[in-house]
Number of protein chains: 2
Amino acid sequence: MTVSLAEIRRTSGEVFTEGCPTRVVLDHIMSKWGVLVLLALTDGTLRWGELRREVEGISEKMLASTLRQLEADGFVERTSYPEVPPRVEYELTDRGRELMERMLPLVEWVAANAGDVLKADLIAGRG
Amino acid sequence: MTVSLAEIRRTSGEVFTEGCPTRVVLDHIMSKWGVLVLLALTDGTLRWGELRREVEGISEKMLASTLRQLEADGFVERTSYPEVPPRVEYELTDRGRELMERMLPLVEWVAANAGDVLKADLIAGRG
DNA sequence: TGGGTACCTTACCAAGAAGTGGGTACCTTC
DNA sequence: GAAGGTACCCACTTCTTGGTAAGGTACCCA
């Protein structure tokens, strides 16, 4: 198993330096709403309205721009059905599923340990 | 293996909802500089000046505040030696290593695939 | 006396992220 | 004919993030 940045650089070169594409992609998928939208889509295909409800607190503006970004990056596929009323579905692409396979263990750990982490915050006076 | 948000919620409850601690912790570790600092520390203990060089482009202000946050969260330990000139060392705690164990596969995937992702961006007209 | 090193902190300000509120188009139902 | 559902887009404002620059300490060297 990979245990250090040096190890990654041995196979992928000088990644995560200034201006490196890896930093840009990192910013996209690690963004506040990006993670939550991707996470919601691990449950399967969702419509616009379902996503709004699933990702609590997101504004329509941010949902739209986050989806556009994820779509442009090839993580999410948008399918619109020319019906009335309009129906649009969003789902993870193969690339998106590959990504989430790696992100879910991290997210799972956060879900299980967030309480303890914030307790540490309180002790450190950063509540 | 975990494959969906629903699965995580089955064991951890209604996580990642609005105001949930999990969202706060996510914001800390998924922040622009947070990831890069944690990543740098997977190579071992580093001094202030070494971190500045390792995390290319970070300002002293952001390095300081990022380190304070990670320290408060219990991911990073700071050890200062009362010498002249002063020496301060930063390293991952056990919790930090646990976290990075889960983050490294994700980061590794990004390192290997960032090129393709940005190529998709160009085609989509989001260069 | 002046500079150099290492590790920061503070004050100020600009850019970008994100919230708010409105509008659009189309059809259905009341 | 008015209201409502679906999936947005745009303008305006606010708030957060992050950069710059300056200073601060505590010592050593010349």
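Values in this document were obtained by computation on a predicted structure and should not be read as measured data. Within every chain, numbering begins at 1; the chains are lettered A, B, ... in the order of the sequence lines, protein sequences first and strands thereafter.
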Restricting to nitrogen or oxygen on both sides, can you table the protein-nucleotides 2-4 of chain D pairs closer than 3.5 Å?
none

Find the distance between CD (Glu108(A)) and OG1 (Thr11(B)) and round it off to the nearest 0.5 Å.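 So the CD of Glu108(A) and the OG1 of Thr11(B) are separated by 6.0 Å.
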
Between CG of Leu92(B) and CG of Leu41(B), what distance do you get to the nearest 0.5 Å? 5.0 Å

Interface polar pairs with nucleotides 25-30 of chain C, N/O, under 3.5 angstrom:
none

When you check the gap from the basic side-chain N to the acidic O, do Glu98(B) and Arg95(B) get nearer than 4.0 Å? no

Please list, chain by chain and in numerical order, all residues satisfying salt bridge (charged side-chain N to carboxylate O under 4.0 Å, His left out) with [X], sequence neighbours excluded.
{"X": "Glu56(B)", "result": "none"}
{"X": "Glu18(B)", "result": "none"}
{"X": "Arg87(B)", "result": "Glu83(B), Glu89(B)"}
{"X": "Glu54(B)", "result": "Arg9(A)"}

Check whether any side-chain nitrogen or oxygen of Arg52(A) sits under 4.0 Å from OP1 or OP2 of dA7(D), and answer yes or no. no

Do the non-hydrogen side-chain atoms of [X] and [Y] ever get within less than 4.5 Å of each other?
{"X": "Leu104(B)", "Y": "Thr42(B)", "value": "yes"}
{"X": "Thr45(B)", "Y": "Thr79(B)", "value": "no"}
{"X": "Val107(B)", "Y": "Thr22(A)", "value": "no"}

Just to be sure I understand the geometry, which residues of residues 24-33 of chain A put a non-hydrogen atom under 4.0 Å away from DNA chain C? Lys32(A), Trp33(A)

Within residues 40-50 of chain A, find the residues that approach DNA chain D with a heavy atom at under 4.0 Å, and present them sorted by residue number. Arg47(A), Trp48(A), Gly49(A)

Selection from dC8(C), dA18(C), dT20(D) that lies nearest to any side-chain heavy atom of Ser59(B): dT20(D)

Proximal nucleotide (of dA11(D), dC12(C), dC9(D)) relative to the Lys61(A) side chain: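 That would be dA11(D).
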
Without placing hydrogens or testing angles, list every side-chain donor-acceptor pair under 3.5 Å for residues 25-33 of chain A, not counting sequence neighbours.
| from | atom 1 | to | atom 2 | distance (Å) |
| --- | --- | --- | --- | --- |
| His28(A) | ND1 | Gln69(A) | NE2 | 3.2 |
| His28(A) | ND1 | Asp73(A) | OD1 | 3.4 |
| His28(A) | ND1 | Asp73(A) | OD2 | 2.6 |
| Ser31(A) | OG | His28(A) | O | 3.1 |
| Ser31(A) | OG | Gly34(A) | N | 3.0 |

Select base, sugar-phosphate, or nothing to describe what Tyr81(B) touches, counting heavy atoms under 4.0 Å on all strands. nothing

With a non-hydrogen cut-off below 4.0 angstrom, is Arg78(B) in contact with a base, only sugar-phosphate, or nothing? sugar-phosphate

Set of side chain to side chain contact (heavy atoms under 4.5 Å, CB included) partners for Glu101(A), sequence neighbours left out: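 Testing Glu101(A) for side chain to side chain contact (heavy atoms under 4.5 Å, CB included), a comparison that skips the adjacent residues, returns Met1(B).
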
Sequence-distant partners of Ser80(B), side chain to side chain contact (heavy atoms under 4.5 Å, CB included), two or more places apart: Arg78(B), Val88(B)

Most 5' of Ile58(A) and Arg87(B) on DNA chain C, judged by nearest nucleotide: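 With Ile58(A) and Arg87(B) compared, the 5'-side residue is Arg87(B).
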
Under the rule of Watson-Crick or G-U wobble with both distances under 3.5 Å, where | means paired to another strand and [ ] a crossing pair, DNA chain D maps to ||||||||||||||||||||||||||||||

